[in-house]
Amino acid sequence: MILPVQQLVRSRMAEAVSRLYDIPADDPVLASVAVDIPPRRALGDLAVPLAFELARRLRKAPRVIAQEVAGALGSIDGISRIEATPNGYLNFFLDRPHHLAAWLAEPDRVPPASGDKAIVEHTAINPNKAAHIGHLRNAALGDAFGRLLRYLGRDVEVQNYIDDTGVQVADVAVGFREIEGKDLSAVRHIADTTRFDYYCWDLYARVTDWYEQDKERLKIRSAALHEIEHGGNPTAELAAFIADRVVRRHLETMARLNIRYDLLTWEGDILRLHFWSHAFEFLKSTGAVFLQTDGKLKGCWVMRIEEDAPAAKDDPTPGEPTDAAEEEPREKVIVRSDGTVTYVGKDMAYQLWKFGLLGRDFNYRLFTEEDDGNPLWSTTSGPGAEGDAPAFGRASWVCNVIDTRQSYLQKLVKQALAALGYHEQAGRSIHYSYEMVALSHSTARELGYDTGGEADRPFVEVSGRKGLGVKADDLIDRLTEKAAREVGKRNPELGPDETRRTAETIAIAALRYFMVKFSRGKVIVFDIDEALSFEGESGPYLQYAVVRANNIFNKLRDRAGLDEAGVVALLQSTPSDVLVSGNEESHDLWGLVLEAARLDEVVDQAVRTLELSVLAKYAFGLAQAFNGFYHRYPILNEERADVRVWRAAAVAMCRNQLTRALQLMGCTVPARM
RNA sequence: GCGCCCGUAGCUCAGCAGGAUAGAGCAUCGGUUUCCUAAACCGGGGGUCGCAGGUUCGAGACCUGCCGGGCGCACCA
């Protein structure tokens with residue numbers, strides 16, 4: 001939509017300025033020409049403040065430069081007028097009827113480009129307990145990010161990493177075995193007859209407590225971890241069972257939120273297929289990882305942590321020893337003294353595989369056939385489905401959605417790539433980091449947690465280990481119940497199934513919008529009442545705007561036999577005075593269309609900055625603009641036929657773009673609400 | 001101690017790659033339904049953009065320092 005227009009203006013500006021003032025085209029000032037949007041439509045549709053930047057260099061007033069450039073630009077396709085403002089902006093006015101018609105005719109999506117694949121890894125919940133709101137933020141961001149990349153025409157592979165051989169799964173296995181005295185068949189019975197992830201949630205908290213009571217018991221954990229890593233024993237089988245069943249529950253939870261994956265990557269397969277030992281050899285041979293023979297890490301294979309070069313290095317104070325020289329170099333354990341591998345080690349091997357640098361591949365099996373008909377594949381170390389599986393891995397760009405508390409580990413993974421000489425891939429390893437979700441005191445109390453001990457803290461941190469948190473399914477259930485009550489109130493004629501389906505759609509939008517509307521660097525202090533709100537800046541607000549817009553078209557079809565294509569066909573022959581006259585009404589109408597056209601620009605920005613909240617805010621602003629328009633300008637009841645057609649076209653723009661924006665956030669629009 | 005993040009209205013947050021008059025939601029006060037769904041709309045009140053310097057034609061945004069808060073610096077992930 002608007003992006004190509006901006007790019008055209010950008011390049012024509014650069015060209016004109018280059019010619020006019022003899023500035024080379026690759027000069028920084030021309031390489032990235034800023035294109036803004038003027039505050040009011042009467043001022044124009046695109047604004048370029050380039051004259052300000054050139055003023056000093058050319059020793060000319062911005063106003064003069066703007067005028068000269070305007071004269072040199074000539075005519076530009078789709079631009080009806082170019083105006084230099086008295087203060088020095090260069091404002092561009094778009095050909096309104098032309099663009100509105102063209103945008104409505106544009107296909108839904110950019111055709112998928114061939115070539116470079118991006119891998120997005122997200123969710124990655126330890127498969128030993130139910131998913132909670134913290135995981136929801138990860139999955140909501142990761143899933144939406146993948147959708148945005150696809151919208152921009154990128155080839156995307158979404159992976160969910162399953163840490164089935166880590167401490168957390170081991171803990172629950174120990175809990176079943178030691179605290180509950182249960183073997184695999186007994187646990188299987190529990191899994192078949194309970195909400196298993198909830199059961200494990202409680203058990204995990206009990207195990208944590210059980211370790212606290214007697215630290216000696218940590219030796220049991222260590223032994224279990226060993227058994228799991230080696231395999232072929234009852235504890236490993238139990239752990240594998242727990243992980244498999246809990247993962248299936250996570251997938252169900254995520255499916256409720258329209259979140260799906262292409263591939264599940266199991267950490268156990270990384271071990272069994274010797275990915276780790278392979279990567280380990282690489283890392284040892286370069287010296288990046290070495291055996292520590294001294295100090296408290298004696299017997300561990302460690303990696304030295306590169307500190308960021310201190311800025312003061314250029315200007316060392318003479319005669320004073322730097323602190324760095326006195327400090328012990330920091331080291332991170334990759335292989336523990338008991339011989340087991342830490343998570344980072346396995347993640348390094350995984351990262352190498354993602355880029356196709358490991359020289360080995362997984363086997364693949366079909367994990368489930370999902371509701372939408374798309375297969376979900378899984379890695380396996382057993383026999384794979386030869387030839388049937390798509391080509392996984394070998395990406396040119398890797399994005400790991402992991403919360404900011406793991407920045408340090410992600411840095412190490414990147415550092416490992418660089419240490420092996422893969423600097424380019426290290427540069428294309430993106431850590432999509434975001435802040436944690438915590439609980440407000442009132443919500444924590446409502447859940448029955450005593451927060452007295454941390455009354456002075458601004459929030460209560462979620463802890464799976466302590467069983468402290470809001471479970472994802474509980475939250476979705478509550479949202480759905482509330483939405484169902486509201487739907488029932490407003491649409492009593494709807495049957496129970498339809499009411500339920502509508503309520504679920506609304507609940508999902510409420511939740512997913514809530515998870516992306518905050519910028520990623522901000523801690524979300526989760527408050528249940530705030531999350532349950534369907535008014536104001538919320539997902540349902542967006543849906544409601546689209547429902548209204550769709551309704552206009554439903555009625556237009558019923559009353560006048562006119563659908564969107566019919567409206568578009570009429571545009572050519574309809575006088576466009578209402579759109580171009582320059583009065584307030586024309587600016588309101590066009591302003592709405594122009595705002596709706598900005599989706600691609602916003603998506604581009606969101607991807608560039610890894611900041612999805614800009615999409616959420618944009619969609620909300622567009623819905624607000626639509627609602628304002630809706631109240632002010634009637635469509636169905638408008639008597640002037642030409643005005644009715646152009647207004648309907650604007651409504652079509654809005655609902656199409658808002659529907660797409662919601663889709664990008666994983667939300668759909670109900671028929672009514 | 002070191003590193004990263006945050007500080008804008010009573011509360012929760014936007015403010016894009018410096019640009020035109022600092023915005024939104026909630027809360028609060030007042031108004032709008034014989035009219036396309038009031039989950040909506042319109043209006044009022046509410047701001048030393050943490051503090052101090054600096055860069056710039058122009059700073060909420062960039063730089064430096066300070067203050068306040070959070071997170072990380074595990075043989076957990």
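Chain identifiers are assigned alphabetically (A, B, ...) following the order of the sequence lines, protein sequences preceding nucleic acid strands; residue numbering begins at 1 within each chain.
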Across the strands shown, which category fits [X] at heavy-atom distances under 4.0 angstrom: base, sugar-phosphate, nothing?
X        : value
A/Ala47  : base
A/Gln406 : base
A/Pro62  : nothing
A/Val33  : nothing
A/Lys517 : nothing
A/Phe518 : sugar-phosphate
A/Glu461 : sugar-phosphate
A/Asn551 : base
A/Asn126 : sugar-phosphate
A/Asn91  : base
A/Tyr633 : base
A/Ile402 : nothing
A/Tyr630 : base

Q) More than 12 foreign heavy atoms under 6.0 Å from CZ of A/Arg608: is that the case here? A) yes
Q: Classify the side chain of A/Thr404 versus the base of B/C4 as yes if they form a donor-acceptor pair under 3.5 Å and no if they do not.
A: no
Whole-Å gap separating [atom2] ([N]) and [atom1] ([X]):
X        : N     : atom1 : atom2 : value
A/Arg548 : B/A39 : CZ    : P     : 8 Å
A/Glu535 : B/A24 : CD    : P     : 18 Å
A/Tyr408 : B/C5  : OH    : P     : 18 Å
A/Leu50  : B/C57 : CG    : C1'   : 15 Å
A/Arg457 : B/G70 : CZ    : P     : 5 Å

Q: Evaluate the ring planes of A/Phe514 and A/Phe518, with Trp represented by its six-membered ring, and classify them as parallel (under 30°), tilted (30 to 60°) or perpendicular (over 60°).
A: perpendicular
Q) Is the A/Tyr350 ring parallel, tilted or perpendicular to the A/Tyr161 ring (thresholds 30°, 60°)? A) parallel
Can you tell me, in whole Å, how much space there is between the [atom1] of [N] and that of [M]?
N     : M     : atom1 : result
B/G54 : B/G47 : P     : 28 Å
B/G60 : B/U56 : C1'   : 16 Å
B/C73 : B/U64 : P     : 26 Å
B/C49 : B/G44 : P     : 22 Å
B/C6  : B/G15 : P     : 11 Å
B/G10 : B/G45 : P     : 15 Å
B/U34 : B/A20 : P     : 41 Å
B/C29 : B/C67 : P     : 42 Å

Would you tell me if any nitrogen or oxygen in the side chain of [X] comes within less than 4.0 Å of OP1 or OP2 on [N]?
X        : N     : answer
A/Gln292 : B/C75 : no
A/Arg56  : B/C57 : yes
A/Arg598 : B/C16 : no
A/Tyr541 : B/C41 : yes
A/Arg40  : B/A20 : no
A/Arg405 : B/A77 : no

Q: Please tell me if the side chains of A/Arg57 and A/Val29 come closer than 4.5 Å, counting only heavy atoms from C-beta onward.
A: yes
Q.
Has A/Asn126 got a side-chain atom pairing as donor or acceptor with A/Asn128's backbone, closer than 3.5 angstrom?
A. no
Q | Flag, side chain of A/Arg10 to backbone of A/Val33, donor-acceptor distance under 3.5 Å | A | yes
Q) Starting at the 5' end of RNA chain B and moving along, which residue's nearest nucleotide shows up first, A/Ser407 or A/Val547? A) A/Ser407
(Q) Which is more 5' along RNA chain B, the nucleotide nearest A/Asp604 or the one nearest A/Glu486? Just name the residue. (A) A/Asp604
Q: Compute whether any side-chain donor of one residue and acceptor of the other, for A/Asn400 and A/Gln406, lie under 3.5 angstrom apart.
A: no
**Q.** A/Tyr211 versus A/Asp171, side-chain donor and acceptor atoms under 3.5 Å
**A.** yes
Q.
Measuring from the side chain of A/Thr342 (C-beta onward, heavy atoms only), which nucleotide among B/A77, B/C41, B/C71 has the closest atom?
A. B/A77
Q. Counting side-chain heavy atoms from CB outward, which of B/A77, B/C13, B/A40 is closest to A/Lys522?
A. B/C13
Q.
Does B/U33 count as syn, meaning its glycosidic angle lies within 90° of 0, or as anti?
A. syn
